[in-house]
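Numbered from 1 within each chain, the chains take letters A, B, ... in sequence-line order. Quick note: numbers below take in every heavy atom, side chains included, and nothing from hydrogens, waters or symmetry partners.
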Amino acid sequence: MEKLQSLRGMVDLLPASTPLWQGVEASAREHFRRAGLAEIRTPVMEVTELFARGIGEATDVVGKEMYTFLDRGERRCTLRPEGTASVVRAALQHGLLSQGPQRLWYGGPMFRYERPQAGRQRQFHQIGVEFLGFADPRSDAEVIALAWDLLADLGVRGLALELNSLGSAEDRARYRQELVTFLEARRDQLDPDSQARLATNPLRILDSKDAGTQALLAGAPTLAAALGAESRERFQLVQESLTALGLPFQLNPRLVRGLDYYSHTAFEITSDQLGAQATVCGGGRYDSLVEQLGGAPTAAIGWALGMERLLVLLAQGDPAALPTAPAPDLYVVSRGERAEPLALVLARGLRQRGLSVELDLSASAFTKQFKRADRSGARWVAVIGEGEAESGVVLLRPLREGTGDPARELRLAVKDLDGLRLRLG
RNA sequence: GCGGGCGUAGCCAAGUGGUUAAGGCAGCGGAUUGUGAUUCCGCCAUUCGGGGGUUCAAUUCCCCUCGCUCGCCCCA
């Protein structure tokens, strides 16, 4: 029989790595708590139209990367490829925005049908932030600082913050026209990918990696020059706020980002330690999305952070700084017909009092049980053998500090759970 | 979707066209039926990702396929 395996690009997170995930999640939660964000959880599946309309038909994500299928009711469904569209949909559906601006965060799996490679899986995980109803340039800085501080707090080094402004929808449309006019005249000098994008998504040509295309772009009209006075001033204010916060950023005029809904501020936090997929966190302003999805015009900005990519960076840092699985407070060994039930009761009683207790269920020789006790990393081992069962007294021996010192061993009544709890705490 | 590299046990890994596929780690059992270092002994791949072909004979050569991996595209 063929071995059953997980689907391509869908990876298991094994016990060895879950403490690290939990550590990152806990840290993110704490940062969000301090900044007054509320968590929102949306379904991993939505009607396809949400993404088609929200992200943009011409984008690669919608065009070729979505997991889309018909359910039993013939509805066209899609596994979410990103979080923003769902969050906006949920906010509109439940009238959240009529209660005022929303500072939200979310986390969870996203799905894109792509060829897996370093830092990219088909099911991957994002933590994201969406500020709905905030137009002030300071909100851009606040949102970006949230990502930056979280990453810094996690100990990630060597990050760069890249920043650009895509201008208003009108600026973009005007620039798009200028760019297309310029490039159409030089179409044959473009690489094939860029030629195709000329019709579908011309701004994306700006961050083409093709050397010839980049050379050509050196003489092209720039996005920065196409920004209207208002957009320019706004971008200036964002930069001033970032500077006031001490965030070092680099202007990257070629930073465009693939999703249609971005406007004004666009940013990425990148690392040169990630291989081809350098972006750990990306985001920007999307002032037109809420309206596009049927709501009132609402300014908004957010970002998403790739968990897998972040973990790659953490793994490159100091291993000792990473969270590992916690050791139990106590390991209980027992042997004998009368002892074993007592050990079971003891373990449960101490757990009910808040201790973490691992119970040896092997019924093997004490030597074996002690080896396991030692390897468990527990601070104490509790021993119940025939003698202890007879007298109703459990032997507690320290396994870490004070180990080997008979004076540090304790003997307490098995039934005195509160007393045991106190000594073991 | 396209290109490169790689698939021998849970992990690392040697190996050869020819009887029983090294070794290490981990695991399990025992030496030690009341005590955790170390050490010692034993067990742990009817099989070399899967299928087909060549051959007297294939893990080894050929083809296909699947998977992993790196890159392109794109994104977190």
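Backbone-only contact: A118(A) has heavy atoms under 4.0 Å from sugar-phosphate atoms and none from a base. Nucleic acid contact for G385(A): base, since at least one base atom lies under 4.0 Å from a heavy atom of the residue. Among the protein residues, E308(A) comes within range of no part of the nucleic acid, since none of its heavy atoms lies under 4.0 Å from any strand. The residue L310(A) sits apart from the nucleic acid: no heavy atom pair falls under 4.0 Å. Counting non-hydrogen atoms under 4.0 angstrom, R257(A) reaches the backbone sugars and phosphates but no base. Using a 4.0 Å heavy-atom criterion, one finds that G128(A) contacts no nucleic acid atom at all. Using a 4.0 Å heavy-atom distance criterion, E409(A) is classed as making no nucleic acid contact. Across all strands, V381(A) comes closer than 4.0 Å to no nucleic acid atom at all (heavy-atom distances). Here A304(A) lies in heavy-atom contact (under 4.0 Å) with sugar-phosphate atoms only. As judged by a 4.0 angstrom heavy-atom cut-off over every strand, R335(A) is placed among residues touching the sugar-phosphate backbone only. Residue contacts for L395(A): at a heavy-atom cut-off of 4.0 Å it reaches a base atom on one of the strands shown. Base engagement by G387(A) is indicated by at least one non-hydrogen atom pair under 4.0 Å involving a base atom.
Taking the side chain of K368(A) as heavy atoms from C-beta on, and the options G36(B), G29(B), A76(B), the nearest nucleotide is G29(B). Proximity note for Q126(A) (side chain, C-beta onward) versus A76(B), G34(B), U32(B): the nearest is A76(B). Nearest nucleotide to the V383(A) side chain, out of G29(B), C73(B), U35(B): U35(B). Checking G67(B), G29(B), G71(B) against every side-chain atom of R372(A), the shortest atom distance belongs to G29(B). Listed candidates were A76(B), G36(B), U69(B). Nearest to the side chain of K371(A) is G36(B). With C73(B), G29(B), U35(B) as the candidates, the nucleotide lying closest to the side chain of R397(A) is U35(B).
Side-chain N/O atoms of R375(A) include one lying less than 4.0 angstrom from OP1 or OP2 on G27(B). The side chain of Q5(A) places no N or O atom within less than 4.0 Å of a non-bridging phosphate oxygen (OP1 or OP2) of G67(B).
In this structure, L361(A) atom CG and C28(B) atom C1' are separated by 16 Å, rounded to whole Å. The CZ-C1' distance, from F370(A) to U38(B), rounds to 18 Å in whole Å. Nucleotide A37(B) holds its P atom 12 Å from the CZ atom of R400(A), rounded to whole Å. Spacing between atom CG of L190(A) and atom P of C73(B) amounts to 15 Å, rounded to whole angstrom units. Atom P of nucleotide C68(B) and atom CZ of R115(A) are separated by 10 Å, given to the nearest angstrom. As a whole-Å value, the separation of E114(A) CD from C73(B) C1' is 9 Å. Per the geometry, CG belonging to L305(A) stands 7 Å off C1' belonging to A76(B), to the nearest Å. Rounded to whole angstrom, the span from the CZ atom of R8(A) across to the C1' atom of G50(B) amounts to 16 Å.
The closest donor-acceptor contact from the side chain of R335(A) to the backbone of I384(A) lies at 3.5 Å or more, if one exists at all. Between the side chain of D287(A) and the backbone N or O of A300(A), at least one donor-acceptor pair lies under 3.5 Å. The backbone N or O of Q177(A) lies less than 3.5 Å from a partner atom in the side chain of T181(A), making a donor-acceptor pair.
The closest side-chain heavy-atom distance from M110(A) to H125(A) is not below 4.5 Å. Residues T78(A) and F111(A) are not in side-chain contact: their nearest non-hydrogen atoms beyond the backbone lie 4.5 Å or more apart.
Side-chain N/O atoms of E340(A) and S334(A) include no donor and acceptor closer than 3.5 Å. Side-chain contact of D171(A) with S168(A): a donor-acceptor pair under 3.5 Å is present, judged by distance alone. For the 3.5 Å distance criterion, the side chains of E130(A) and Y286(A) qualify, holding a donor opposite an acceptor.
Salt bridge annotation for R254(A)-D207(A): absent, with no cationic side-chain nitrogen under 4.0 angstrom from a carboxylate oxygen.
Below the 3.5 angstrom threshold, one finds a donor paired with an acceptor across the side chain of Q117(A) and the base of C73(B).
In this structure, R186(A) is positioned above the aromatic face of F182(A), its NZ or CZ under 6.0 Å from the six-membered ring centre and within 45° of the axis.
A gap of 13 Å separates the C1' atoms of A45(B) and U20(B), to the nearest Å. For the P atoms, the distance from C61(B) to A76(B) is 44 Å, rounded to whole Å.
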query = Reading RNA chain B 5' to 3', how would its secondary structure be written in dot-bracket notation, given Watson-Crick and G-U pairs with both distances under 3.5 Å, brackets [ ] for crossing pairs and | for partners on other strands?
reply = (((((((..(((.....[....))).(((((.......))))).....(((((..]....))))))))))))....
